[in-house]
Amino acid sequence: MERDHSSDSSSDEEEDRRTLVPQNEVKPRHPFCAFEIGDLPARIRRGFWTSKRYLLAICLPLVLILLFFSLDLGSLFNGVSIVRTDSPGDRMRESELRALYLLRNQQLGLLKLWNQTLSTAHSGSEASPATPSVPSNSSNSTTSGKVVDLPQSFKSVSFAEFRSALLEQIKLNKQIQTTLLSAHRVGNTSSELSDDNMGFDLSGSGVDVCKIVERPKERKTIEWKPKKDRYLFAICLSGQMSNHLICLEKHMFFAALLGRTLILPSSKFDYQYDRVLDIDHINQCFDRKVVITFEEFYEMKKNKMRIDRFICYIASPPCYLDEEHTKRLEKLGISLGKIEAAWPEDAKLKTQKKRVVDDIMPKFSSDDEVLAIGDMFYADVEEEWVMQPGGPLDHKCKTVIQPSRLIILTAQRFVQTFLGSNYIALHFRRHGFLKFCNVKKESCFYPIPQAAECILRMVERANAPVIYLSTDAADSETNLLQSMVLVNDKPVPLVKRPDHNSAEKWDALLYRNHMGGDGQVEAMLDKTICALSNVFIGASGSTFTEDIIRLRRGWESASQCDEYLCQGELPNYVAELQ
C-alpha cells in the first residue's frame, strides 16, 4: 500500500512547529495601566534608547559617506578582491603542475637514453670476436682493408652522443628549477638569483649539440664530359622554381650519363635562370662548357633549331608535355621530332618506377644531335646517388647549382645587418599548405600553439637568440606565433625580410642591378639566408625546404639539429576533408 507523502509531510511540519514554538514563546505582557506610576521611568528610558537607535541609523551612513570621500577609501576597496587568482598559492600550484609535466618529459628522455645504451651494449656483446673490416663510403670503390677496433670506435661515437643527450637533460632540469622558483618572485626579482647553480653556462659546456654535419670524404660520382655537338634540351614544367631546380639537377645527371651539353630553357618558356643561378659557376666547377643558355643555342643554330628526338621518361602524358606547351616550343622556332615513351607500360602506373643507370643507358643512348627527355621532376632515378651532398657529378666545387653571386652577397649583408652569427632559420609554409597537408595520410599542417612549442624546443637546444622567418603566412598567424615564442618570459624575435627601404643598404646590390622586387630573386634570397643559418627548421613536403637542405649539404652548413617542423609529431587537431 502506497504511503501518502502529502500527509506525512504535513504531519512532520506540525511536529516541527510543536517542537519550535515553546522555544520562541514569550510571556504575555500585562496591559498598560495609566495609574501604574512605578513603570513610567522605565517607559521613558525605553523611548529614549529607541530614539537614539533611529538617530544612529540615520547619521551613521552620512558619516561613512563623508569618510569615503575625504579619505579616498574607494581606492583601497578597488585593490581588494575576495578571491585572488594570482595569489602565491595559485602561482605555486601552477608552477608545480608545470614542473611535473617537465619532469615527466625528463623521465621519458632519460629512459630513451637508457634504452639506446642498452641496445648498443647488447649489439656490441653479440658482435663477432673477429674484428670486421669496414667498407669505405664510396660505392664504386673496393672494400677497405683497414682494421677498426670496435670497442674504441663505440666509445668515441657513443660518448659524444651521450654527452649531447645528457646536456639536453641538464637544460630541462634548469627549466624545471626556473618553473618552480617562478612562484616565489617578488616584484621584478626572483629567488632564482640567489641560486648559484642556476648560472650554469650551457654554451661553455664543451658540447656542441648542433654541430655541423661532416661531409662524407668520398662520393659516388661520374665525370661530365660532353661530346662535341651533342645536346640535351632541358624541359621543366611542373610546379614553381624549386621544382624546376630539382628537374634541372636530374637533367644534369642524364646529360653526364649520355655525354651531352645541357641547353637551359628559354625565359619565354620557363624562368629566367640567369637572374637567380650562377651559370658561369656551373661551367667553372667542371673546367669545361657543360651548360649553355637557350640564347647561345639560338646563336649557334639560328633558324635551324630542332629537337631531333623526344624520348620521354614520363609516359603519361608523354614527356609531361601538354598541347599548350608544345605550341609554345614551336613559337620559339623549334621544330619537334617524333615523341615516344621509353617505357610505354608506365602510362598505366599511378607512381613512377624506380630506375637505375642500367635501365637508362639502353633506352636513352642516341646519336641524334639534340635530344629531349621531358620534365624530370617526378623521375625516381638513383635517388641516393643524386641526393648526396654535392650531387652525383665529379666537380671541384661544394655544390653546382647555387644562387647568383649578387644574391649570395645580399644574403650575407642581410645576416650581418639583422641576424648575426647565431640564428635559426624557419621555413614556415602556410599558404595552400592546409589543404595540401590534410589530404596526406599524416597531415603536416600544425596549429600555431603546437608549432610554437616545437620551435621553442629547438631554441632551447640550439641556444640561439633570434629566428629568421621565411614564410607566406598572414600577419594574423605570424603575430600569434611571435606572442607564443617566449623563453623565460622574453620573446625570441622572429625576423622577416623587410620591404625595400632606400635608407637600408643591405639590398642595394639587387636594386642597382635591376633585380630588386623580382619574386624569383627574392625567393632565392630567402633560400640563401636559410642555407647560411646555424640550424634550419623546414616544412615537410615542401620542395622549397628540400632545395634549402640541398644547399646546406653542399655548403657544409647542415647541422645535426636540422629537422622538419614538429618532426615525429602529428598535428593535435586536423579538420575534416571537404
Side-chain angles (χ1 to χ4, degrees), residues 215 234 236 239-252 262 264-265 267 270-286 290-293 377 387 389-391 393 395-419 423 425-427 429 468-472 495-498 500 505-534 536 538-539 542-559 562:
R215 184 169 178 166
C236 297
Q240 299 188 27
M241 174 65 83
S242 297
N243 295 36
H244 288 220
L245 294 181
I246 293 172
C247 171
L248 279 181
E249 188 174 25
K250 293 179 180 179
H251 265 92
M252 289 182 181
L262 186 67
L264 296 179
S267 59
D270 200 343
Y271 293 109
Q272 193 171 350
Y273 289 104
D274 58 355
R275 287 176 69 84
V276 294
L277 298 181
D278 194 336
I279 307 299
D280 292 335
H281 168 80
I282 297 174
N283 290 319
Q284 290 167 4
C285 290
F286 297 94
V290 294
V291 171
I292 63 172
T293 64
F377 174 72
M387 296 301 291
L393 308 178
H395 57 85
K396 65 180 183 180
C397 303
K398 289 185 175 181
T399 187
V400 175
I401 300 178
Q402 70 175 28
S404 69
R405 179 65 178 163
L406 288 177
I407 292 177
I408 292 177
L409 287 174
T410 302
Q412 291 175 349
R413 291 182 174 189
F414 179 87
V415 171
Q416 183 178 0
T417 303
F418 294 99
L419 302 172
Y423 68 97
L426 169 65
H427 177 217
R429 172 74 185 274
Y468 177 66
L469 184 61
S470 172
T471 186
D472 55 4
V495 179
K496 291 194 290 185
R497 189 167 40 80
H500 173 65
K505 299 303 179 184
W506 63 269
D507 59 352
L509 284 174
L510 295 183
Y511 281 87
R512 195 179 304 150
N513 289 274
H514 310 290
M515 295 171 62
D518 185 315
Q520 297 307 321
V521 171
E522 291 184 347
M524 185 59 76
L525 177 59
D526 255 17
K527 288 182 182 179
T528 309
I529 296 170
C530 290
L532 294 173
S533 65
N534 298 69
F536 175 62
S542 168
T543 52
F544 191 95
T545 281
E546 295 306 318
D547 201 37
I548 294 170
I549 292 173
R550 177 190 64 81
L551 277 176
R552 290 177 64 79
R553 287 172 179 166
W555 286 349
E556 300 179 12
S557 59
S559 160
D562 288 1

When the ring planes of Tyr273 and His244 are compared, do they come out parallel, tilted or perpendicular, using 30° and 60° as the limits?
->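 Tilted: the ring planes of Tyr273 and His244 meet at 30° to 60°.
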Parallel, tilted or perpendicular: which describes the rings of Trp506 and Phe414, with under 30° parallel and over 60° perpendicular?
->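 Because their plane-to-plane angle is over 60°, the rings of Trp506 and Phe414 count as perpendicular.
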Pairwise salt bridge (Lys or Arg N to Asp or Glu O under 4.0 Å) hits with a residue in residues 543-555, at least two apart = Lys527-Asp547, Asp547-Arg550, Arg552-Asp562
Please list all pairs passing the salt bridge (Lys or Arg N to Asp or Glu O under 4.0 Å) test where one or both residues lie in residues 270-279, with sequence neighbours left out.
->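 The answer is Arg275-Asp518.
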Is there side-chain contact between [X] and [Y], with heavy atoms separated by less than 4.5 Å?
X      : Y      : value
Tyr468 : Val415 : no
Leu525 : Leu510 : yes
Gln402 : Ile408 : yes
Val400 : Leu393 : no
Tyr423 : Val495 : no
Tyr271 : Val276 : no

Looking at [X] and [Y], what are the two nearest heavy atoms and their distance?
X      : Y      : answer
Ala539 : Thr545 : N-OG1, 2.9 Å
Val290 : Asn283 : N-OD1, 2.9 Å
Ile401 : Leu245 : CD1-O, 4.1 Å
Lys396 : Gln284 : CE-O, 2.9 Å
Tyr511 : Gly517 : OH-N, 3.6 Å
Ile548 : Ala531 : CG2-N, 4.1 Å

Would you sort out whether Leu248 and Leu264 count as a side-chain contact (heavy atoms from CB on, under 4.5 Å), showing the intermediate values?
-> CA-CA 8 Å; Leu248 279 181; Leu264 296 179; 4.0 Å; yes
Has the side chain of [X] got a donor or acceptor atom that lies under 3.5 Å from a matching backbone atom of [Y]?
X      : Y      : value
His281 : Thr399 : yes
Asp472 : Arg429 : no
His427 : Phe536 : no

For Gln240, does the CD atom sit with more than 12 other heavy atoms under 6.0 Å from it, leaving out its own atoms?
->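 At most 12 heavy atoms, drawn from other residues, nucleotides or ligands, come within 6.0 Å of this atom.
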Would you find more than 12 non-hydrogen atoms of other residues, nucleotides or ligands less than 6.0 Å from Gln412 atom CD?
-> yes
Quick check for you: to the nearest 0.5 Å, what is the distance between [X] atom [atom1] and [Y] atom [atom2]?
X      : Y      : atom1 : atom2 : answer
Ser557 : Leu551 : OG    : CG    : 8.0 Å
Ile282 : Ile279 : CD1   : CD1   : 4.5 Å
Thr543 : Asn243 : OG1   : CG    : 4.0 Å
Phe418 : Arg497 : CZ    : CZ    : 10.5 Å
Cys530 : Leu469 : SG    : CG    : 9.0 Å
Gln272 : Leu277 : CD    : CG    : 11.0 Å

All disulfide bond (SG atoms under 2.5 Å apart) counterparts of Cys236, not counting sequence neighbours |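 Testing Cys236 for disulfide bond (SG atoms under 2.5 Å apart), a comparison that skips the adjacent residues, returns Cys247.
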Asp507 and Arg413: CA distance, side-chain angles, deciding distance, salt bridge (Lys or Arg N to Asp or Glu O under 4.0 Å) verdict = CA-CA 8 Å; Asp507 59 352; Arg413 291 182 174 189; over 6 Å; no
